[in-house]
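Written out below as C-alpha cells is the structure these notes cover.
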Amino acid sequence: MPNYQHQALKIYNSLTGEKEKLTSITPGNIGMYVCGPTVYNKVHLGNCRTFISFDLVFRYLKYLDYKVRYVRNITDAGHLENDAEEGEDRIAKKARLESLEPMEIVQKYTVDFHQILATFNNHPPSIEPTATGHIIEQIEIVKSIIDKGLAYEFNGSVYFDVLKYNETEEYGILSGRKVEELMANTRDLTGQSEKKNPQDFALWKKAEPQHIMRWPSPWGIGFPGWHLECTAMSTKYLGNRFDIHGGGMDLKFPHHECEIAQGKASTGEEPVNFWMHANMLTLNGKKMAKSTGNNILPEEIFTGNNPNLSKAYSPAVARFFMLQAHYRSVLDFSDEALQAAEKGFYRLMEAYKNISQLPFSEQSSFDVDAFEQKCFDAMNDDFNSPVLIAHLFDAVKLINSVKAGKAELTQKDATKLEQVIGDFVFEVMGIHKNQSDVQQTSTGETKVSELVEMLIDLRNKARANKDFATSDKIRNQLIEMGIELKDAQGKTEFSIKS
RNA sequence: GGUCUCGUGGCCGAGUGGCUAGGCAGUGGUCUGCAAAACCAUGUACAGCGGUUCGAAUCCGCUCGAGACCUCCA
C-alpha cells in the first residue's frame with residue numbers, strides 16, 4: 001500500500017490561510033508548479049532557500065509514493081526593471097554590462113543555477129520549461145483573454161482589465177487585497193498612460209526599437225508580460241487546474257495574483273488548489289535581494305570567503321541549517337547560527353554512522369515504529385522539518401545511550417532505526433550522503449584513514465608505556481589538522497572535520 | 001500612508017489554551033593518565049500593559065519594536 005494512503009499530509013494553503021488535508025486531483029498523482037528564477041545573475045543563498053524548501057516538498061511527496069510531476073520554469077525573457085512603459089530589460093542590461101549576447105547571459109546563469117542547486121543536492125524538476133520556448137502558448141492565452149473581453153490592446157501592447165475582471169471575479173483573493181484599496185494606494189508612477197487603470201498589468205508589451213528580445217504577434221513586435229509565462233507553462237504541462245503552486249513569498253503579489261486572474265480569465269477554471277509560499281532568508285535582519293546587494297552567494301559559504309563568515313561550511317550543513325527552520329518562517333542567516341547547526345549536524349551523522357556497530361540486546365528500550373510515525377507526523381504537519389529534526393535528535397540520544405550500555409536495541413530494531421533515520425535524512429531532507437559522511441570514503445581519504453589508524457596504534461602503544469608526552473603530541477597535532485581522536489571503551493575512534 | 005506577518009531563555013529555532021520541543025553555548029557530575037566524545041543533572045523563556053478563562057507564551061484589545069508586500073525580486 002502506498003504511503004500516502006495511510007499518512008494524512010496537511011498543507012498550509014495560502015489561498016485559504018488554513019492547513020488543509022492534501023487531496024490530489026488524480027489519485028496517486030501530484031502536479032506541482034514552482035516559479036523559477038530570472039537568469040540574469042548568480043543565485044544567492046536566499047533564492048536557494050526557496051528551492052530547497054520546495055525540494056523538501058517534492059521529496060516528501062515522492063516519499064509518500066505519489067507520482068509527482070514537478071514543473072519549474074526558467075525566466076529567460078527579459079522583463080523591464082519596473083512597470084513603467086520605458087526602460088531596459090534586466091537581461092539585456094546585464095548583456096550590455098558583460099558584453100555578451102542576451103542568450104549568453106541566459107545560458108551562463110542557467111548553468112550556474114543548476115550547478116548550485118545540484119551542489120545543495122536538490123532533485124531537478126520533472127520539466128524545466130523556458131519562457132522563450134513558450135511564446136506561442138503565451139500569445140494564445142492573450143488571445144483567449146481578449147476574446148473574453150478581459151483584456152484590451154493599446155498601441156501594440158495588451159493589458160489585462162483588472163476592473164472588468166473584478167466585476168465577476170475577485171482580484172486580490174490570494175493576497176487579501178481589495179481593488180478599491182489598491183486604487184487608493186497606487187504609487188504615482190509616471191508613464192502609465194496606456195493603461196485604463198493603474199492596476200491593469202501587461203500581457204504583451206510592444207518592443208521598443210532597442211529591445212533585443214522580440215517576437216511577432218497579432219499586435220505587432222513585442223514580448224510577453226512577466227506573469228503570463230507561468231500561466232502558459234503551468235497549464236500546458238499540468239492542466240487548467242492542478243494541485244500545488246509554489247514560489248517565494250515575495251511573488252504572492254502581484255505575480256501569483258495575476259496568474260490566478262489570467263488562468264481564470266482564459267480557462268474559466270480556478271487554476272490552483274494549493275498555493276504554497278516559502279518565506280525569506282534574511283541577512284542582517286533584512287531580506288536578501290540581488291537589487292540591494294544584501295546577499296550572500298552559495299560559493300562564499302562553501303569557501304568561507306565572505307566578511308560575514310568565520311569559516312567555510314559544506315552544502316549539507318547549509319541545507320541542514322535551513323531545514324532547522326520551518327519553510328514559512330523568516331530565517332535569519334548568521335555565522336553563529338550556522339556554526340551551531342554544523343555541530344548538531346555532525347553529531348547526528350556520527351550517531352547514524354554508529355548504528356551498525358551497536359551491541360544488540362534481547363529487548364529494546366525504544367519504540368522504533370512509534371519513532372517512525374512521529375517522523376511522518378512531523379512532515380505531515382505542513383512539512384515541519386524542524387520538528388522532524390528534533391525527533392531525529394531523540395534517536396541520536398538513544399543510539400549514544402545504547403553505545404554507552406545505558407539503553408537497549410534488538411538487532412531488528414537497530415536495522416529498522418538505521419533505515420528510518422537514513423530515509424528521513426537522505427531521502428526526505430535531501431542531505432547529500434557523501435557530504436555528511438564525516439569519514440570520507442574516496443580513495444585519497446581511505447589512505448588518510450589508514451594513516452590515522454597507524455598513528456592511533458603508535459599513540460596507544462605510547463599510552464600503554466605511560467609515555468603521555470608522545471601520545472598527547474600525536475593527538476594534539478592531529479586535532480590541528482582537523483582530525484579528532486576519541487578514546488572510547490578501550491578503542492580509539494577518530495573523525496575528520498572540515 | 002495602506003495591507004499583512006512576526007516579537008520565545010546567552011544564540012538559533014519549534015510549539016500555540018493546562019503535559020520537557022530540539023540544536024548550539026554555559027554550569028555540576030560520571031567515565032578517562034589527561035583530554036575529547038558520550039551519558040546524567042541543571043535555565044525566574046515566551047516584547048510591554050490590560051482583558052477573557054478554573055487556567056494564556058498560546059485567545060481578544062491597546063502600546064512599543066521588527067520585517068514583508070504595495071515597483072523587478074525566491
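Numbered from 1 within each chain, the chains take letters A, B, ... in sequence-line order.
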In whole Å, what is the span from the [atom1] atom of [X] to the [atom2] atom of [N]?
X: D472(A); N: A36(B); atom1: CG; atom2: C1'; result: 11 Å
X: N384(A); N: A21(B); atom1: CG; atom2: P; result: 15 Å
X: K287(A); N: C69(B); atom1: NZ; atom2: C1'; result: 8 Å
X: L331(A); N: G23(B); atom1: CG; atom2: C1'; result: 13 Å

If you go through the side-chain atoms of [X], does one of them form a donor-acceptor pair with the base of [N] closer than 3.5 Å?
X: R49(A); N: A74(B); answer: no
X: D487(A); N: A35(B); answer: yes
X: R347(A); N: C24(B); answer: no

Please determine whether a side-chain nitrogen or oxygen atom of [X] lies at a distance below 4.0 Å from atom OP1 or OP2 of [N].
X: K486(A); N: A35(B); result: no
X: K343(A); N: A25(B); result: yes
X: S329(A); N: A14(B); result: yes
X: K93(A); N: C72(B); result: no
X: R328(A); N: A14(B); result: no

*How are the rings of H245(A) and Y33(A) set to each other: parallel, tilted or perpendicular (split at 30° and 60°)?*
tilted
_If a pair means Watson-Crick or G-U wobble with both distances below 3.5 Å, what does RNA chain B look like in dot-bracket form, with | marking bases paired to a different strand?_
(((((((..(((.....[...))).(((((.......)))))....(((((..]....))))))))))))....
*Which residue lies more 5' along RNA chain B, comparing M280(A) with S334(A) via nearest heavy atoms*: S334(A)
Need one value for [X]: base, sugar-phosphate or nothing, where a base atom within 4.0 Å counts as base even if backbone is also close, heavy atoms only.
X: A278(A); result: nothing
X: K466(A); result: nothing
X: L485(A); result: base
X: H277(A); result: nothing
X: K178(A); result: nothing

*Have a look at D382(A) and tell me which of R328(A), K21(A), K19(A) forms a salt bridge (charged side-chain N to carboxylate O under 4.0 Å, His left out) with it.*
R328(A)
_Stacking check F468(A) vs G33(B) (5.5 Å / 30 deg)_ = yes
